[in-house]
Every structure is written in structure tokens, then in C-alpha cells.
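Reading through the C-alpha cells given below for one structure.
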Amino acid sequence: MAQYQASARAHTNIALIKYWGKKDQQLILPMNGSLSLTLDKFYTDTSVSYDKNLTQDEFYLNGAQKEDPKVMHFMDIVRQNTGFDSHAVIKSTNHVPTAAGLASSASAYAALALAATAAANKKFDRQKLSRIARRGSGSATRSIFGGFAEWLEGTDDQSSYAQPLEYENDWDIRMIAIVIDDQPKKVSSRQGMQTVVATSPFYSEWIKSAKTDLKNIKTALASQDFKHFGEIAESNALKMHALNLSAQPHFNYFAPASIIAMNIIEEIRELGYPCYYTMDAGPNVKVICKNADLSVILRQLQNHFPADHLLVAAPGPGAQLLD
Ligand SMILES: O=C(O)C[C@@](O)(CF)CCOP(=O)(O)OP(=O)(O)O
């Protein structure tokens, strides 16, 4: 590895128990714990090269230089953690089908946390990397790990980090991302969750319900009870979106095709094929199913969606150095 240079790859994760509200904006501490699956198909590669002659960080995303205050602020947090106060050239490439609209801050900040600390010759443990990634974007906390990961709610900067759940090795779980459209989000996750915390009359019930869901989904995972696992994930996602509909001003992430996709997945389930859906801060619908049922579920979905809008992913690895 060249002096003060490192590259890292981190994969996107999809939450099955959602993070949707902060109790501390600056530290990015969540209102509740969450649980996700890191996917093999979608990832970000990031290189960081420190250069003492730079007076500010330079950030390139997919080859184009970008002014991104969030990235600059994050690099200041990295410098605080490493004690290495040089600026850097940061080059990040999102390996997500552009039409997919799945590019996530999760893989971006997890890859940047690993590359930026490694380039400063720091070998932080995964817990500390998860805490640093959290300061970039909450969901990035979980992308430090592969497979299923739980982001512990915690009470402060030291106690809020993710840890792996070693179940995915035994499960043949798959996720199909149905690409509904790639229009830029009307409401960013950061804005969306701030609005619901401040205005949804259901918010306190959501926190209670999400904590129960997290406990129950871990039991379902441990006993490989796919039906309960899927039911809890689907219900938790819908409760998150109910917060958005009940906020002031209300908002939602649904496109008409999102609702159609949800109804189709329920029809396929009624045919006897266990499959459940989740949705995040965008119109795309993600189907959770077992690999054994993947081909028949894909065939059913291809009656309604173009094959190239159905992206299949399996559990993926944690953040890793590329040098
Ligand atoms: O991933 C989940 O638990 C659920 C969501 O994806 C939405 F459905 C939230 C992701 O929020 P994020 O982009 O991490 O927000 P930040 O901390 O304000 O950067």
C-alpha cells in the first residue's frame, strides 16, 4: 500500500427493522435499534490519498469532482479520530446499476470510513469503524459488517454501533430489488425522519413497536422461521411509511408501481411461495425470499416487470480493504 493511501469496498445493506429517527442529529444516534442484510450485488469502492500540500479535501464521485459538505464534515471527524490532520483526494465509485436508484449512503460512508482511516495507517477494530461510519450516515453503521447486522441503539457515541448476527451462513435468503424508477427522491431520508419525529402523532408508538419487532425478528432468525421473519420485516416497513403519511406536511415514497408491486408480492405469497416486501426512502420495492423459491418468484414478477428491473442479491461481505 502506498504511503498514506488506501482503497476500500463496502456493500449496501437493506434494513429489515428500520432506522427512522434520530435522538441526536450531530452524533447520529438512532431512536431505536435496527437490523439489516448486507447485499453482495451493490457496493461502493473508495480510494483516499492524503497529501500534505492540499488545503482542503477533493472529492470525486463516479469520476466527477463534487462539492459535498457532508463528505468534508465526515473527513474532519476522521481526522479527529486518527489524529492525522492532512487533507486528501477521495475517489468514490458506486457499483449500483444507475437506473436502480439503490445507491446508498450506507456503502459510501462505510467504504470511506475504512479507506480514510487505513490511509492514515490506523487499523481500527470493526466496532470503532462502525461508530465512525455512523457519523457519516446512520445506515453506514451496519455496512461495516456482512450478512445480517444489528445496529445497537445505544445511549451515546461510544455505545451506538453495529454488530454482526451470524445467521446468514445457514440461510439461503435472497433479495430481489424491483426497480420502480430512479427519479431523485422528493424527500431525503435525513429530512424525512426529522419531519416524522417532530410531527407524526404515531412516533412514540413506532419506537415501542420497532423495539418489539427487533426482538421478535431476532428470535425468528435464530429459529430459521422464515414466515415470521418476513411478516415482521414487511409490517415494520409499512409502519415506517405510515409515519410519513401521518406527518405534517405529509409525504410518501410510493410510486403507483410501488403499490402494484406490493399487491403482486402478496398474490404470489397466496400462491404458496413465501415472499415478503420492504421499502426504504424511495419507490423501489425489495422482495425477501428463499433461494429455493427464487426462480418461480422471478417468473411471476416477470409477468409484470421487465427482467432488467429485477435485481437479485444474496448476502454480501463486510467492508474490506482493496489494496
Ligand atoms: O436503512 C434504514 O434503516 C432505513 C432507511 O434506509 C430508510 F428507509 C433510512 C436510512 O437513513 P440514512 O440515509 O442512513 O439517514 P442519515 O443517518 O440521516 O444519513
Side-chain angles (χ1 to χ4, degrees), residues 10-39 42 44 68-71 73-74 77 94 96 100-113 130-145 148-154 157 160-162 175 177 180 184-198 200 206-207 209-211 213-214 217 232-245 247 251-254 258 277-286 288:
H11 291 249
T12 294
N13 71 74
I14 298 296
L16 302 156
I17 302 299
K18 304 294 184 187
Y19 148 60
W20 197 238
K22 299 178 178 72
K23 56 185 164 197
D24 184 306
Q25 304 287 340
Q26 199 251 333
L27 292 174
I28 304 193
L29 299 179
M31 284 282 199
N32 58 274
S34 58
L35 184 143
S36 63
L37 180 62
T38 297
L39 302 178
F42 314 117
T44 300
D68 188 329
K70 276 174 65 177
V71 170
H73 172 65
F74 182 71
I77 289 164
N94 278 331
V96 177
L102 282 163
S104 86
S105 57
S107 55
Y109 281 101
L112 183 52
S130 183
R131 288 181 38 239
I132 292 171
R134 192 199 73 237
R135 300 295 303 278
S137 182
S139 51
T141 313
R142 305 179 307 234
S143 276
I144 295 296
F145 300 96
F148 288 106
E150 178 186 358
W151 174 11
L152 303 175
E153 177 189 340
D157 180 42
S160 186
Y161 51 82
M175 195 171 272
I180 301 292
K185 260 179 250 184
K186 297 172 282 190
V187 179
S188 72
S189 306
R190 194 154 292 189
Q191 182 53 57
M193 62 176 86
Q194 211 161 332
T195 304
V196 302
V197 170
S200 170
W206 154 257
I207 295 177
S209 181
K211 288 182 176 176
D213 289 346
L214 178 58
I217 206 169
I232 296 164
E234 188 169 288
S235 163
N236 185 265
L238 290 172
K239 286 180 281 193
M240 175 207 138
H241 288 276
L243 294 170
N244 305 342
L245 294 168
F251 62 100
N252 73 79
Y253 292 108
F254 302 126
S258 311
Y277 54 79
T278 188
M279 274 186 73
D280 293 293
N284 296 329
V285 176
K286 293 102 178 184
I288 310 153

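As the structure lists them, so they are numbered: ligands from 1, and atoms in each ligand from 1.
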What does the 4.0 Å heavy-atom contact list look like for ligand 1?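 Within the 4.0 Å shell of ligand 1, which is judged on heavy atoms, sit A15, K18, Y19, W20, K22, I28, S105, S137, G138, S139, R142, S189, R190, M193, M240, D280, A281.
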W20 vs F251 aromatic rings, parallel, tilted or perpendicular, using cut-offs 30° and 60°? tilted
Indicate whether any N or O donor in one side chain lies under 3.5 Å from an N or O acceptor in the other, for K286 and T278.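 K286 vs T278: no donor-acceptor pair found between side chains.
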Aromatic ring proximity, centroids under 6.0 angstrom, F254 and H241: yes
Electrostatic pair E150:R142 at N-O distance under 4.0 angstrom: no
Walk me through it: do S139 and S104 pass the test side chain to side chain contact (heavy atoms under 4.5 Å, CB included)? CA-CA 9 Å; S139 51; S104 86; 5.6 Å; no
Given the options L27, I28, T141, R135 meets side chain to side chain contact (heavy atoms under 4.5 Å, CB included) only with L27
